Amino acid sequence: MTTVGILGGGQLGRMLALAGVPLGIRCLAVDPATDAPAAAAAEVLTTPFDDPGALAELARRCDVVTIEVEHVPVEALGWLAERVPVRPSPEVVAVAQDRWAEKQLRSRVGIATAPFAAPDELEVGFSTGTIVKRRSGGFDGRGQVRLDPSATAEAVRAAAGQLAAPSVAEGVVAFDRELSVVAARGLDGAMAVYPLVENHHAEGILRQTLAPAPGTPAALEQAAADLIRLVADELGHVGVLCLELFQVDGALFANELAPRVHNSGHWTIEGASTSQFEQHLRAVCGLPLGDPSVRSPSAMVNLIGSEPAPGGVLALPGAHLHSYGKAARPNRKVGHVTVVGVDEAERDLRLTALRQVLADRAPATTVGGPDALDDVITEVPT
Ligand code: AMP
């Protein structure tokens with residue numbers, strides 16, 4: 001029996017552990033939370049990530065250690081890497097923790113990205129508008145301040161000051177749509193790339209993913225696959241990774257890199273031949289990668305804040321409910337539903353039915369409706 005250690009015991013760890021069961025892979029997670037969702041499927045050590053006792057136990061019991069969130073102490077990963085294979089490597093995780101290092105990597109390999117600068121180097125905000133983002137630690141739109149196109153240098157600096165942490169100022173990209181590409185890179189450098197998916201965010205939080213991204217020309221699909229290969233090879237990444245992208249006039253701009261399984265890849269559980277979770281375990285365990293091809297057009301809707309009664313969702317044909325076992329809390333991802341269909345038309349009909357079921361919930365639990373899909377970035381420092 002292979003044992004995979006996971007730093008992090010959230011829903012990603014839970015779905016990784018679930019994917020390991022049929023492969024004879026068990027997972028041992030570390031998470032400070034007493035209600036870590038991964039506990040339903042994995043053994044969880046409830047303690048801080050840098051607890052020396054827990055790290056020693058991981059090193060002793062695991063064949064390989066991986067992550068499910070990038071915001072884990074790199075020093076802890078470095079300590080582990082001297083004792084057990086750590087995939088992705090601490091160096092890769094360090095790059096993904098720092099938006100500045102990530103942007104430099106993208107510039108190095110020649111990937112288009114939003115214009116950016118250190119906030120105190122700007123003489124005036126970007127003409128399209130400016131987003132000041134924490135260099136590290138922000139997620140789901142938190143740790144960001146959005147400024148309008150007339151922002152002065154003082155306003156940019158004030159926004160950076162409000163974040164109270166090192167930050168980067170980015171020009172707003174007037175994108176046509178948001179896409180992402182998820183891929184796995186094996187120990188031998190082989191890659192399996194899933195098709196581009198279309199993502200809808202509101203308040204910086206992913207609400208819905210359509211997979212594959214509708215109306216995508218083959219050239220764009222190829223461009224995305226080339227980009228993620230470039231990044232994964234440059235990093236020497238092992239495991240699943242995700243590149244979030246903006247589409248502008250048929251071109252792709254990279255937004256963010258996640259060296260791990262990703263929310264926009266959840267559809268692969270039902271919609272692809274091999275799920276991203278199984279794919280990640282295969283990669284980090286040095287096993288052959290699986291087939292990433294699409295089985296069914298899919299739509300993934302995040303359940304944010306709280307969950308609907310399961311009966312309404314389960315009564316819908318083609319709907320698959322994933323409840324993370326998390327307590328309800330505003331803006332918290334507590335589950336997701338994937339709907340599949342034989343073709344896009346059937347998937348879309350089922351998605352409309354799902355939206356109706358979700359909209360019938362109490363107001364606080366409404367998710368993913370068309371009204372929620374405007375792009376807004378809240379000013380909520382983490
Ligand atoms: P991030 O945390 O960087 O992934 O940002 C969260 C969301 O904010 C993205 O998915 C976009 O919807 C939006 N966003 C972030 N950066 C930009 C940008 N430079 N231009 C336009 N929208 C952005």
Side-chain angles (χ1 to χ4, degrees), residues 12 69-71 95-107 111-119 122 125-149 151 156 159-160 163 165-182 196-210 213 224 227-228 231 241-249 251-266 300-302 304 331 333 368 370-382:
L12 301 178
V69 283
E70 55 272 39
H71 301 296
V95 170
Q97 281 181 356
D98 181 1
R99 288 185 192 271
W100 192 266
E102 224 187 288
K103 287 173 190 300
Q104 283 174 325
L105 164 87
R106 294 201 295 255
S107 305
I111 296 182
T113 194
F116 66 96
L122 277 182
F126 291 101
S127 59
T128 53
T130 305
I131 304 179
V132 186
K133 301 180 178 181
R134 280 176 65 142
R135 276 178 59 167
S136 67
F139 66 97
D140 285 347
R142 283 180 271 185
Q144 304 190 359
V145 182
R146 193 170 192 150
L147 301 168
D148 66 35
V156 174
L163 293 176
S167 57
V168 54
E170 246 181 63
V172 170
V173 176
F175 52 76
D176 301 323
R177 59 176 179 167
E178 291 194 71
L179 301 168
S180 61
V181 57
V182 172
L196 273 169
V197 298
E198 180 179 305
N199 298 320
H200 300 167
H201 292 80
E203 297 173 339
I205 304 176
L206 180 67
R207 307 285 157 158
Q208 175 181 290
T209 296
L210 295 179
L227 287 186
I228 202 158
V231 172
L241 77 166
C242 173
L243 200 52
E244 292 182 52
L245 302 159
F246 300 134
Q247 182 181 342
V248 188
D249 290 338
L252 295 173
F253 282 66
N255 175 34
E256 210 179 5
L257 167 76
R260 54 167 170 79
V261 288
H262 192 263
N263 196 170
S264 67
H266 290 1
M300 189 281 317
V301 176
N302 272 332
I304 295 173
N331 288 340
K333 292 175 182 168
D371 296 341
L373 299 182
D374 310 324
D375 274 293
V376 181
I377 295 184
T378 45
E379 302 184 0
V380 190
T382 37

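Index from 1, following the sequence. All values derive from a computational prediction rather than experimental measurement. Both counts, for ligands and for their atoms, begin at 1 and track the order of listing.
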Will you find, in the side chains of Asp98 and Ser136, an N or O donor that is under 3.5 Å from an N or O acceptor?
no

Determine whether a donor-acceptor pair (N or O, by modelled atom type, separation under 3.5 Å) exists between the side chain of [X] and the backbone of [Y].
X      : Y      : answer
Arg106 : Asn255 : yes
Asn302 : Leu206 : yes
Thr128 : Val173 : no

[X]: numbered ligand 1 atoms lying under 4.0 Å from its heavy atoms:
X      : answer
Glu256 : 1 (P), 2 (O), 3 (O), 4 (O)
His201 : 10 (O)
Glu170 : 16 (N), 17 (C), 18 (C), 19 (N)
Glu178 : 9 (C), 10 (O), 11 (C), 12 (O)

For Val182 and Ser264, which heavy atoms make the closest approach, and how far apart are they?
CG2-OG, 4.0 Å

Do any N/O atoms on Lys133 end up under 3.5 angstrom from N/O atoms on ligand 1?
yes

Val173 versus ligand 1: do any nitrogen or oxygen atoms come within less than 3.5 Å of each other?
yes

Option passing side-chain hydrogen bond (donor to acceptor under 3.5 Å, both in side chains) with Glu170 (candidates Lys103, Arg99, Arg146):
Lys103

Which of these passes side-chain hydrogen bond (donor to acceptor under 3.5 Å, both in side chains) with His200: Arg207, Glu178, Gln208?
Gln208

Aromatic rings Phe116 and Trp100: how do their planes relate, parallel, tilted or perpendicular, breaks at 30° and 60°?
perpendicular

Judged by non-hydrogen atoms, does Gly171 sit under 4.0 Å from ligand 1?
yes

Which segment of [X] sits under 4.0 Å of ligand 1 when only heavy atoms are counted:
X      : value
Asn255 : side chain
Asn199 : neither
Arg99  : side chain

Nearest candidate to atom 5 (O) of ligand 1, where distance is taken over non-hydrogen atoms, out of Glu244, Arg134, Gln144, His200:
Gln144

